[in-house]
Amino acid sequence: MGVVGKISEENLNVDKSWKVAIIQALFNQNITQKLTDSAQSKLVELGLPSNNVKVFQVPGALEIPLAVQLAFDGGYDAAIATGAVIRGETTHYEYVCNGIERGCTHIQLETKKPIAQAVLTTENLEQALDRCGGNHGDKGQEAAEVIVSMLNLKKSIKSNL
C-alpha cells in the first residue's frame, strides 16, 4: 500500500451489511497483531458491526492471497491483508513481496472486490514498528479507511450505471 491521501468523510460512510475479512499472517505476529487490531477497531469505529468483521490467520504472508480468495468465495465483500515482511540476508524477501502483490492484485481484478494491503515490507524491525502505530502512522487503520472508501466507490459506480 502506498502513501494514502486524506480520505473525505463522505467516503468513510459504512453500509452495515458489508462483510470484511482481515487476513493476518502469523509470521512476525508482534507486528501483524497490532495491524490487525487497529484495522478491526477502525472498521468498528467507522460503524461496521463487529460481527461483520472476521479475522482469519495464515502461517505467513505468501498464504494471504489464497485466504483472501477463500474469504471472497465465502461471501465477504472486501479484505484487509496484514503482514510484515522484513528483509533478511537472501532474496526470499523479494519473492515474498512480489508474490503477495501479484496474488492480491489478480484477485481484486478477477473478483472486483477490494483488498487493502497492510503488509509491511521493511528493511528492519524498527521500520515495521514505526508503521503500526509509531512514527509513520498506523497502516492497519489506513487499510480500514481504504476498504471503506473503495466499497463506497464500488457502490457509487454501480448506482451510476
Side-chain angles (χ1 to χ4, degrees), residues 1-7 11-12 18-46 48 52-74 76-151 153-154:
M1 192 165 75
V3 176
V4 177
K6 180 73 175 139
I7 298 173
N11 289 329
L12 293 178
W18 289 335
K19 290 176 56 181
V20 177
I22 299 175
I23 310 301
Q24 176 191 2
L26 292 176
F27 200 82
N28 293 315
Q29 189 173 5
N30 57 323
I31 301 297
T32 66
Q33 192 64 55
K34 290 178 182 183
L35 294 166
T36 298
D37 291 346
S38 63
Q40 192 170 22
S41 295
K42 187 66 176 180
L43 289 170
V44 172
E45 176 188 318
L46 291 171
L48 195 63
N52 287 21
V53 181
K54 176 71 177 156
V55 176
F56 299 96
Q57 296 176 325
V58 294
L62 276 175
E63 290 77 32
I64 288 171
L66 176 58
V68 168
Q69 182 68 64
L70 293 170
F72 286 171
D73 290 349
Y76 284 84
D77 300 297
I80 297 172
T82 62
V85 184
I86 300 172
R87 187 180 298 277
E89 297 176 1
T90 68
T91 57
H92 183 68
Y93 172 87
E94 283 84 12
Y95 292 112
V96 173
C97 295
N98 291 332
I100 299 163
E101 184 281 322
R102 274 192 316 270
C104 287
T105 297
H106 174 78
I107 293 165
Q108 277 190 114
L109 296 174
E110 193 70 26
T111 63
K112 297 173 184 61
K113 294 182 177 184
I115 304 166
Q117 289 202 44
V119 178
L120 306 180
T121 55
T122 63
E123 297 294 322
N124 54 54
L125 179 60
E126 181 182 342
Q127 288 178 351
L129 290 169
D130 281 346
R131 286 156 179 80
C132 62
N135 293 335
H136 290 283
D138 189 323
K139 301 306 177 190
Q141 284 184 1
E142 287 180 20
E145 291 178 352
V146 165
I147 278 301
V148 171
S149 179
M150 290 303 293
L151 284 167
L153 175 67
K154 183 177 177 179

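One is the number of the first residue; the rest follow in order along the sequence. What you see is a predicted model, and the numbers here were worked out from it, not measured in a lab.
Side-chain contact check for Leu26 versus Gln29: some heavy-atom pair is nearer than 4.5 Å. Contact annotation: the side chain of Gln127 never approaches that of Asp130 to less than 4.5 Å [non-hydrogen atoms, C-beta and beyond]. Taking 4.5 Å as the limit, every side-chain heavy atom of Asn52 sits out of range of all side-chain heavy atoms of Val20.
Partners of Thr111 under the side chain to side chain donor-acceptor pair (under 3.5 Å) rule, at least two apart in sequence or in another chain, do not exist in this structure. Every residue two or more places apart in sequence or in another chain was checked for a side chain to side chain donor-acceptor pair (under 3.5 Å) with Thr121, and none qualifies.
The main-chain N or O of Ile31 is never found under 3.5 Å from a side-chain atom of Asn28 such that the two would form a donor-acceptor pair. Under a 3.5 Å cut-off, the side chain of Lys42 and the backbone N or O of Glu145 do not form any donor-acceptor pair.
Here the shortest heavy-atom pairing between Ala25 and Gly83 reads CB-CA, 4.1 Å.
Donor-acceptor pairing under 3.5 Å is lacking for the side chains of Thr36 and Gln40.
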*Which is it for Lys154 and Lys113 under the side chain to side chain contact (heavy atoms under 4.5 Å, CB included) test, yes or no, and what are the steps along the way?*
CA-CA 9 Å; Lys154 183 177 177 179; Lys113 294 182 177 184; 4.0 Å; yes
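Shown are Leu43, Ile115, Val146, Ile23; of these, the side chain to side chain contact (heavy atoms under 4.5 Å, CB included) with Ile80 is made only by Leu43.
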Scan the side chains in residues 54-68 for donor-acceptor partners under 3.5 Å anywhere in the protein, sequence neighbours excluded, and list what turns up.
{"unit_1": "Gln57", "atom_1": "NE2", "unit_2": "Gln24", "atom_2": "OE1", "d": "3.2"}
{"unit_1": "Glu63", "atom_1": "OE1", "unit_2": "Gly60", "atom_2": "N", "d": "2.8"}

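Taking a 6.0 Å sphere around CD of Glu126, one finds it holds 12 or fewer heavy atoms contributed by other residues, nucleotides or ligands.
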